[in-house]
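This report concerns only the one structure given below.
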Amino acid sequence: MFNSLSGTVTGKFPQKLLLETGGIEWDISVPDSSLEKIPAPGQQGKVYTWLQHTDALMNLYGFATENERSLFFDLLKVDGIGPKGALKIMSNISSGDLALTLESGDIEKLQKVPGVGKKTAAKMLLQLKGKLSIDDSAPVSRTKASVPFSDVITALSEMGYDRKACEEVVSAIADRFGSDEAFKAKTQAEKEDAIFRQALVEMAR
């Protein structure tokens with residue numbers, strides 16, 4: 001079975017990617033969190049795939065990274081969550097934030113994700129907390145406490161920026177600002193706002 005597809009991106013739509021390779025245009029179901037990381041139409045792109053094949057249907061799913069695909073597989077282990085449900089969940093919260101939320105046990109945040117009710121959130125935590133099969137070296141596996149200004153990083157990643165890049169930029173800004181006496185005198189909320197604003201400027205370059 002094929003592990004990934006590479007080719008020319010011919011279309012991007014909500015939860016859907018069209019990718020042409022070898023004269024074949026593939027219709028691939030993709031979570032919006034992955035879709036944001038895939039190049040624009042006309043450019044070369046790559047997706048890690050999974051084929052759902054039953055007697056009644058055949059659907060191809062794609063993901064921008066192997067970690068996102070692993071997280072998708074983990075969601076399928078939860079009773080009551082099928083491929084479409086997992087796709088909807090991942091389309092409404094970044095893969096990094098979802099993994100972080102599961103590992104931190106934040107059930108209230110889980111319940112706010114479209115497609116996740118109280119019972120499903122409880123099942124997700126029971127089945128997945130501490131058991132995610134994603135790469136342990138990836139930033140999504142870090143706990144909130146281990147990442148400085150994690151709320152700023154989360155806010156930026158939810159805007160579509162790559163989480164790893166957000167962590168690097170926020171960390172660099174925090175180091176620069178940390179030696180400024182005026183910054184030190186600010187409240188935590190004021191520090192987060194200042195870093196968030198500067199990060200937006202630098203991420204947009």
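Side-chain N or O atoms of Ser34 include none that pairs as donor or acceptor with a backbone N or O of Phe63 at under 3.5 Å. Side chain of Lys46 to main chain of Thr65: no donor-acceptor pair is present (N/O by atom type, distance under 3.5 Å, no hydrogens or angles). Between the side chain of Lys12 and the backbone N or O of Leu35, at least one donor-acceptor pair lies under 3.5 Å. Looking at Asp180, its side chain never comes within 3.5 Å of a backbone N or O of Arg176 through a donor-acceptor pair. Between the side chain of Gln198 and the main chain of Ala194, no donor-acceptor pair closer than 3.5 Å is present. Between the side chain of Ser91 and the backbone N or O of Leu87, at least one donor-acceptor pair lies under 3.5 Å. Using a distance-only test at 3.5 Å, with no hydrogens or angles considered, no donor-acceptor pair links the side chain of Glu168 to the main chain of Ala165. A side-chain donor-acceptor contact under 3.5 Å links Glu103 to the backbone of Gly130. Judged by distance alone, with hydrogens and angles left aside, the side-chain atoms of Arg69 form a donor-acceptor pair with the main-chain N or O of Thr49 at under 3.5 Å.
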| request: Apply the test side chain to side chain contact (heavy atoms under 4.5 Å, CB included) to residues Ile173 and Asp175: give CA-CA distance (whole Å), side-chain angles for both, the deciding distance (0.1 Å), then the verdict. | output: CA-CA 5 Å; Ile173 294 172; Asp175 288 342; over 6 Å; no

| request: Apply side chain to side chain contact (heavy atoms under 4.5 Å, CB included) to the pair Thr10 and Glu25, showing each step before the final yes or no. | output: CA-CA 8 Å; Thr10 54; Glu25 186 176 56; 2.7 Å; yes

| request: Evaluate the criterion side chain to side chain contact (heavy atoms under 4.5 Å, CB included) for residue pair Leu60 and Trp26; output intermediate values, then yes/no. | output: CA-CA 8 Å; Leu60 184 62; Trp26 300 86; 3.6 Å; yes

| request: Test side chain to side chain contact (heavy atoms under 4.5 Å, CB included) on Leu156 and Leu200 and set out the steps. | output: CA-CA 8 Å; Leu156 290 167; Leu200 282 178; 3.8 Å; yes

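When hydrophobic clusters are built by joining Ile, Leu, Val, Met, Phe, Trp and Tyr residues whose side-chain heavy atoms come closer than 4.5 Å, directly or via intermediates, Val47 is grouped together with Leu51. Cluster membership check: Leu57 does not share its hydrophobic cluster with Tyr61, using side-chain heavy-atom separations under 4.5 Å among Ile, Leu, Val, Met, Phe, Trp and Tyr. Tracing side-chain contacts under 4.5 Å through hydrophobic residues (I, L, V, M, F, W, Y), one never reaches Tyr48 starting from Leu132; they form parts of separate clusters.
Salt-bridge annotation for Arg197 and Asp193: present, with a side-chain N of the basic residue lying under 4.0 Å from a carboxylate O of the acidic one.
Rounding to the nearest 0.5 angstrom, the gap separating the CD1 atom in Ile38 from the CD atom in Gln44 is 13.0 Å. Note: Met58 CE to His53 NE2 = 3.0 Å, rounded to the nearest 0.5 Å. With values rounded to the nearest 0.5 angstrom, Met203 atom CE is found 7.0 Å from Asp162 atom CG. One distance of note links CG of Asp106 with CG of Leu125; it measures 8.5 Å at 0.5 Å rounding. One finds the NZ atom of Lys109 at 7.5 Å from the OG atom of Ser104 (value rounded to the nearest 0.5 Å). Here CG of Leu102 is found 5.5 Å from CG of Leu110. Values are rounded to the nearest 0.5 Å.
With a 6.0 Å radius and a threshold of 12 heavy atoms from other residues, nucleotides or ligands, Lys191 has its NZ atom above the threshold. Other residues, nucleotides and ligands place no more than 12 heavy atoms under 6.0 Å from the NZ atom of Lys112.
Here the shortest heavy-atom pairing between Glu68 and Lys37 reads OE2-NZ, 2.7 Å. When every heavy atom of Ile81 is checked against every heavy atom of Met124, the shortest pair comes out as CD1-CG, 3.9 Å. The heavy-atom pair separating Leu76 from Gly82 by the smallest distance is CD2-C, 3.5 Å. The minimum heavy-atom distance between Ser33 and Ile93, with the atom names listed, is CB-O, 4.1 Å. For Asp32 against Gln15, the heavy-atom pair with the smallest separation is OD1-N, 2.8 Å. Of all heavy-atom pairs between Thr21 and Gly7, the closest is CB-CA, 4.3 Å.
Residue pairs meeting the ring pair (Phe, Tyr, Trp, His ring centres under 6.0 Å) criterion with at least one partner in residues 183-205, sequence neighbours excluded, are Phe177-Phe183.
Scanning for side-chain hydrogen bond (donor to acceptor under 3.5 Å, both in side chains) contacts around Gln188 gives Glu192, with sequence neighbours left out.
Aromatic ring pairs are classed by plane angle as parallel below 30°, tilted from 30° to 60° and perpendicular above 60°; the pair Trp50 and Phe73 is perpendicular.
Side-chain contact between Lys16 and Leu18: present, with at least one pair of heavy atoms (C-beta onward) separated by less than 4.5 Å. Side-chain contact check for Leu5 versus Ile28: some heavy-atom pair is nearer than 4.5 Å. At a threshold of 4.5 Å between non-hydrogen side-chain atoms, the residues Leu128 and Leu75 count as touching.
No hydrogens or angles considered: nothing links the side chains of Thr8 and Gln43 as a donor-acceptor pair under 3.5 Å.
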